[in-house]
Amino acid sequence: METFLRNLYIYGDDSLGISLEVLSDYLRGIFQFLKVERRKDFFTCHMDGSILQDHSEFNTLAERLASIKVLNPIKEGLNPEPIYGEIDYERRKLHDPSLSSIGVLYDGIRLQAIMYPLIKKGEKGSGHLHIVITNQLMVTWDDYDRRCHLRVGVFGQPSVVSTSGVVEAPAKPREFYLMKQMVGMGDMDLTELKMRFDGRFIDYGDPRITDVIKGYLAQAIFYSITGGPFCDDRGCRLFNAHWQEEMIYAQIGSPYEFCEKHKTIIEQLSNVEQNLSPSF
């Protein structure tokens with residue numbers, strides 16, 4: 001087996017509430033054929049001096065980001081004419097990535113399309129993979145049921161992984177929604193309800209998010225290498241979880257990291273890299 005992928009760039013900042021150092025070290029340990037480089041926020045890293053100094057170009061970038069906001073998840077159209085406040089928010093977020101965008105939905109595919117041209121030409125080839133970790137909520141449109149679906153990861157170049165998506169995309173236990181309908185949901189009621197389901201889903205500020213993100217980074221890598229990011233084995237980190245409890249088991253509760261099939265692929269790729277490396 002052969003792969004051209006050699007360089008991996010991880011983007012994020014401390015405001016995400018996860019350990020980027022732990023994630024980078026994890027990937028170095030598992031995917032030993034990759035050179036992993038940790039970087040700051042994607043836009044901060046790739047907005048060169050010309051964009052920052054060119055007021056018009058900077059505003060255009062902010063307007064494009066505002067235009068991919070999803071106003072209605074059951075309608076395919078986006079936000080073609082964003083208002084001043086929406087554009088100004090994107091300008092402020094470009095300057096300060098720590099600003100929270102929880103609750104705002106962005107089209108994940110179009111977000112990739114905005115990011116890709118900013119990547120340096122020498123880092124766009126098949127030997128490079130950029131993974132952006134964000135707190136933005138991402139959706140993709142599904143023609144089958146004619147609605148948008150929340151995603152944890154949207155894979156490609158760059159791949160984008162959402163910490164908020166970990167909380168919101170996989171569904172909570174069915175009983176949670178049934179009880180939520182039965183109870184008048186004030187803030188205190190919701191807090192009590194969440195306590196009754198403690199451990200069965202990931203919530204904001206949960207220290208387990210870092211471990212969960214590991215699997216979605218692995219999925220992004222497999223997508224880049226094989227075109228197939230998912231696995232049918234519910235204990236493999238590549239399992240495509242639709243429920244919170246499935247996600248928690250695959251990423252935290254499983255007795256193994258990867259199924260035998262994907263473990264073998266990782267070992268083969270590492271062996272290829274060792275054979276290709278020059279010896280002195």
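Bear in mind that the values here come from a model prediction, so they are computed numbers and not experimental data. We use all heavy atoms of the structure for the numbers below, so side chains are in, but hydrogens, waters and symmetry mates are not. If you read the sequence from its start, that first residue is 1, and numbering goes on from there.
With hydrogens and angles ignored, the 3.5 Å screen pairs no side-chain donor or acceptor of Thr134 with any backbone N or O of Ser162. Judged by distance alone, the side chain of Gln157 and the main-chain N or O of His128 form a donor-acceptor pair under 3.5 Å. Here the side chain of Asn79 pairs a donor or acceptor atom with the backbone of Ala66 at under 3.5 angstrom. Without hydrogens or angle criteria, Glu37 side chain to Tyr9 main chain gives no donor-acceptor distance under 3.5 Å. Of the possible polar contacts, none joining the Ser254 side chain to the Tyr249 backbone as a donor-acceptor pair under 3.5 Å is found. Looking at Gln32, its side chain never comes within 3.5 Å of a backbone N or O of Leu269 through a donor-acceptor pair. Within the 3.5 Å criterion, the main-chain N or O of Ile87 finds no donor-acceptor partner in the side chain of Glu90.
Using cut-offs of 30° and 60° on the angle between ring planes, the pair Phe222 and Phe31 is perpendicular.
Rounding to the nearest 0.5 angstrom, the gap separating the CZ atom in Arg151 from the CG atom in Leu105 is 12.5 Å. With values rounded to the nearest 0.5 angstrom, Glu63 atom CD is found 13.0 Å from Phe58 atom CZ. Summarising the geometry, atom CG belonging to Leu137 is positioned 4.5 Å from atom OG belonging to Ser164; distances are rounded to the nearest 0.5 Å. Atom NZ of Lys93 is separated from atom CZ of Phe43 by 9.5 Å, given to the nearest 0.5 angstrom. One finds the SG atom of Cys231 at 5.0 Å from the NE2 atom of His262 (value rounded to the nearest 0.5 Å). Between the CD1 atom in Ile209 and the CG atom in Asp203 there is a gap of 8.0 Å [rounded to 0.5 Å].
Sorted by first then second residue, the salt bridge (Lys or Arg N to Asp or Glu O under 4.0 Å) pairs that include residues 244-260, not counting sequence neighbours, are Arg200-Glu245, Arg237-Glu257. For residues 20-33, the salt bridge (Lys or Arg N to Asp or Glu O under 4.0 Å) pairs, not counting sequence neighbours, are Asp25-Arg28. Every pair passing salt bridge (Lys or Arg N to Asp or Glu O under 4.0 Å) that includes a residue from residues 205-223 is listed here, sequence neighbours excluded: Asp206-Arg208, Asp211-Lys214. Among pairs with a residue in residues 117-132, those fulfilling salt bridge (Lys or Arg N to Asp or Glu O under 4.0 Å) read Arg39-Glu123, at least two apart in sequence or across chains.
Using a 4.5 Å heavy-atom threshold, the side chains of Gln268 and Thr264 count as touching. Taking 4.5 Å as the limit, every side-chain heavy atom of Tyr106 sits out of range of all side-chain heavy atoms of Val160. Here the side chains of Val139 and Pro73 are not in contact, with every heavy-atom distance at 4.5 Å or above. Side chains of Asp233 and Lys261 form no contact here, defined as non-hydrogen atoms less than 4.5 Å apart. Residues Arg174 and Trp243 meet the side-chain proximity criterion, which asks for heavy atoms closer than 4.5 Å.
Every residue two or more places apart in sequence or in another chain was checked for a side-chain hydrogen bond (donor to acceptor under 3.5 Å, both in side chains) with Asn72, and none qualifies. With sequence neighbours excluded, no residue forms a side-chain contact (heavy atoms from CB on, under 4.5 Å) with Glu81. Evaluation of the side-chain contact (heavy atoms from CB on, under 4.5 Å) rule for Arg147 yields Ile74, Asp145, His149 as partners, not counting sequence neighbours. Considering only residues two or more places apart in sequence or on other chains, Ser15 meets the side-chain hydrogen bond (donor to acceptor under 3.5 Å, both in side chains) condition with Asp13. With sequence neighbours left out, Arg110 forms a side-chain contact (heavy atoms from CB on, under 4.5 Å) with Ile68, Leu78, Asp107. Scanning for side-chain contact (heavy atoms from CB on, under 4.5 Å) contacts around Lys40 gives Thr44, Cys45, with sequence neighbours left out. Residues forming a side-chain hydrogen bond (donor to acceptor under 3.5 Å, both in side chains) with Thr60 (at least two apart in sequence, or on another chain): none. Taking Asp142 as the reference, nothing meets the side-chain hydrogen bond (donor to acceptor under 3.5 Å, both in side chains) condition, with sequence neighbours excluded.
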Might you work through the side chain to side chain contact (heavy atoms under 4.5 Å, CB included) test for Ile133 and Leu23, ending with a clear yes or no? CA-CA 11 Å; Ile133 305 178; Leu23 292 172; 3.9 Å; yes
What's the verdict on side chain to side chain contact (heavy atoms under 4.5 Å, CB included) for Leu34 and Leu27, showing C-alpha distance, side-chain angles and the deciding distance? CA-CA 8 Å; Leu34 291 177; Leu27 295 177; over 6 Å; no
Where do Tyr11 and His46 land on the ring pair (Phe, Tyr, Trp, His ring centres under 6.0 Å) test, with the steps shown first? CA-CA 11 Å; Tyr11 299 85; His46 288 287; 5.4 Å; yes
Start with the C-alpha gap between Leu111 and Leu65, add the side-chain angles, then the distance that decides, and say whether side chain to side chain contact (heavy atoms under 4.5 Å, CB included) holds. CA-CA 7 Å; Leu111 180 60; Leu65 290 168; 3.9 Å; yes
Residue pair Asn59, Arg91: steps toward the side chain to side chain contact (heavy atoms under 4.5 Å, CB included) verdict: CA-CA 7 Å; Asn59 282 343; Arg91 281 196 293 258; 3.0 Å; yes
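Trp141 and Ile109 sit in two unconnected hydrophobic clusters of ILVMFWY residues. Membership requires side-chain heavy atoms under 4.5 Å apart, directly or through other members. Follow the hydrophobic side-chain contacts under 4.5 Å out from Tyr116 and you reach Ile114 in the same cluster. Hydrophobic clustering (side-chain heavy atoms under 4.5 Å, transitive across Ile, Leu, Val, Met, Phe, Trp, Tyr) keeps Ile30 apart from Phe239. Residues Ile213 and Ile252 share a single hydrophobic cluster, defined by chaining ILVMFWY side chains whose heavy atoms lie under 4.5 Å apart.
In plain terms, the two heavy atoms of Gly227 and Pro229 that are nearest each other are O-CD, 3.6 Å. A pairwise comparison of heavy atoms in Gly215 and Leu238 identifies O-CD2, 4.4 Å as the closest pair. Residues Ser224 and Leu5 come closest through the heavy atom pair OG-CD2, 3.9 Å. Taking each heavy atom of Cys148 and Val70 in turn, the nearest pair found is SG-CG1, 4.1 Å. Contact detail for Gln244 and Val166: the closest heavy-atom pair is NE2-O, 2.9 Å. The two residues Leu129 and Ser159 make their nearest non-hydrogen contact at CD1-OG, 4.2 Å.
Between Arg146 and Asp143 a salt bridge is recorded (basic side-chain N to carboxylate O distance below 4.0 Å).
Under a cut-off of 6.0 angstrom, the local environment of OH in Tyr223 is sparse, with at most 12 non-hydrogen atoms contributed by other residues, nucleotides or ligands.
A side-chain N or O of Tyr204 and one of Glu168 form a donor-acceptor pair less than 3.5 Å apart.
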